[in-house]
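Report on the following structure.
Lettering of chains follows the sequences in order, A, B, ..., and the numbering in each one begins at 1. Predicted model, so just to flag it, every value in this text is computed and none were measured.
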Amino acid sequence: VTKAAEKPLTPERELTDESLRVEREKADDAIGEPPPALAEERGETDEDLSLERARSDRSVATRDEFLGVVSHDLTNMLSAMVGFAALIVKADAQPGREADVAGYAQRIQRSGARMKRLIGDLVDVASIEVGRLAVTREVGDAAAVVNEAVEALQPQATASGVSLAVEMVQPLPSLPFDAARLFQVLFNLVSNALKFTPHGGKVVVRVERIGPDLRFSIRDTGVGVPADRLKVVFDRFVQVHDDRRGMGLGLYIAKCIVEGHDGKIWAESKTGEGSTFCFTIPVEVEAAA
Amino acid sequence: VSTEEGALAGDFLDEAAVARPMLSGRAQPLMYSSTPPPSLRVLVADDDDDMLAFVTATLQGDGCSTVEAHDGDQLLELLTHALDQPHLRPDVIVADVKMPGLSGFGVLEALQRMTSSLPVVLITVVTDASIHTVAKRLGAVGVLHKPFDPDDLLTAVRNAKSIRDLHAP
């Protein structure tokens, strides 16, 4: 637990401790020597309180660290935008540098898009926390969304020297889903797979009907996920690898969206042998109980 | 704002060195991407791709040649390789402070252990002034706070090279 995390809570905790002590003194005065059962109960209360405080300290520390990372990344994106804008101003004064100006402008667009994605993720996490992540389902063709997501990521795949392919096991049924949210899940999972797959590797997105569900699998030939991480990679702020190549939000948001569709999401992997991220969406919406 | 912040690079730069003319004209390295002829060879490390692109575009626009690293470990790897070959040896290193693996401070410590006199300019999002104390203690010749103006980066890099030349045995 960091000192920064403890600091804002300390005066409040001292007050709580003091009022608890005063209350117990009053009780002792009223009933005389406290019976053993009461002493035991107080011991348990104290233990619960300290456990709860430790948990809260960890949570505050994680949040502080997360805010630090968010502000670090936002400052980097903003600095690149401001910097490239200054380069445009400089180049604009020199004839014959039109191509440079266009390149700098594209860089600004790219940083802006990264910033928009990060802010979108932050808004989603805030919505999830208050139980308001909207999932609006309409019956449609999920294959079209898969193709759209893969097409959007094809340039990233080409740039990293990774092949990106789609396998559709026909026939695929129409089903109710939120197209924008499904795109988001696929985009997050496929871009993650591309990020952790070295040059020359392969990422395959497979869609098939299995029983009552449509199953989407994103298989890669990347570095794999360590066994102890498989269960927690979908938790908030947890990164697949401790290399700060992300915020630990993408998989958490994906999980919440899939669960918003009454589906399941999981990861299978062996370190060094790549990994497969799977999720399901039921073909029929269950009637509300 | 950026100009004022960029001026912080002068905090521990030798004022006299600023007036010295630019140095140039050594053998052209084949591995450095550049607009020929490069006046300076600069090794740049930042884990943020967009910032890395901005720093290299600024330096290349000024005729410098650049080699890019995405973290401190990669920077040291490239440097170790370059030190064996005089025509690849960089004149200046520009390194981000917060990077996965080896940080900018880690790079400075490694250079000290290697008894390397290569001048390092740190770039950082950290606004805490104490960073200057740590950077100076570890031998950095300048610190730029992001966001900074391209001209401030160029000034810091040129000054870094001039100072090291002044103090060279």
What are the two closest non-hydrogen atoms of [X] and [Y], and how far apart are they?
X: B:A53; Y: A:F84; answer: C-CZ, 3.6 Å
X: B:M51; Y: A:A80; answer: SD-N, 3.6 Å
X: B:P150; Y: A:G83; answer: CG-O, 4.0 Å

Task: Test log, rule side-chain contact (heavy atoms from CB on, under 4.5 Å), inputs A:V82 and B:K146 - done: CA-CA 10 Å; A:V82 170; B:K146 300 177 191 177; over 6 Å; no
Open item on the list: With chain B as the partner, which of A:M81, A:R110, A:R97 has the greatest number of non-hydrogen pairs under 4.5 Å?
Closed with: A:R110
- [ ] Rounded to the nearest 0.5 Å, what's the gap from CG on A:D100 to CD on B:Q60? Could you check?
- [x] 10.0 Å
Task: Spacing of A:S79 atom OG and B:F54 atom CZ [to the nearest 0.5 Å] - done: 8.5 Å
Open item on the list: Evaluate A:R114 against B:D48 for side-chain contact (heavy atoms from CB on, under 4.5 Å), listing each step before the verdict.
Closed with: CA-CA 11 Å; A:R114 270 181 73 197; B:D48 188 282; 3.0 Å; yes
Side chains of [X] and [Y], heavy atoms from C-beta outward: is any pair under 4.5 Å?
X: A:L87; Y: B:T58; value: yes
X: B:V125; Y: A:N76; value: yes
X: A:H72; Y: B:T124; value: no

Open item on the list: Which atoms of B:D50 are under 4.5 Å from chain A, going by heavy atoms: the side chain, the backbone, both sets, or neither?
Closed with: both
- [ ] Considering only NZ, NE, NH1 and NH2 on the basic side and carboxylate oxygens on the acidic side, decide whether B:D49 and A:R107 come within less than 4.0 Å.
- [x] no
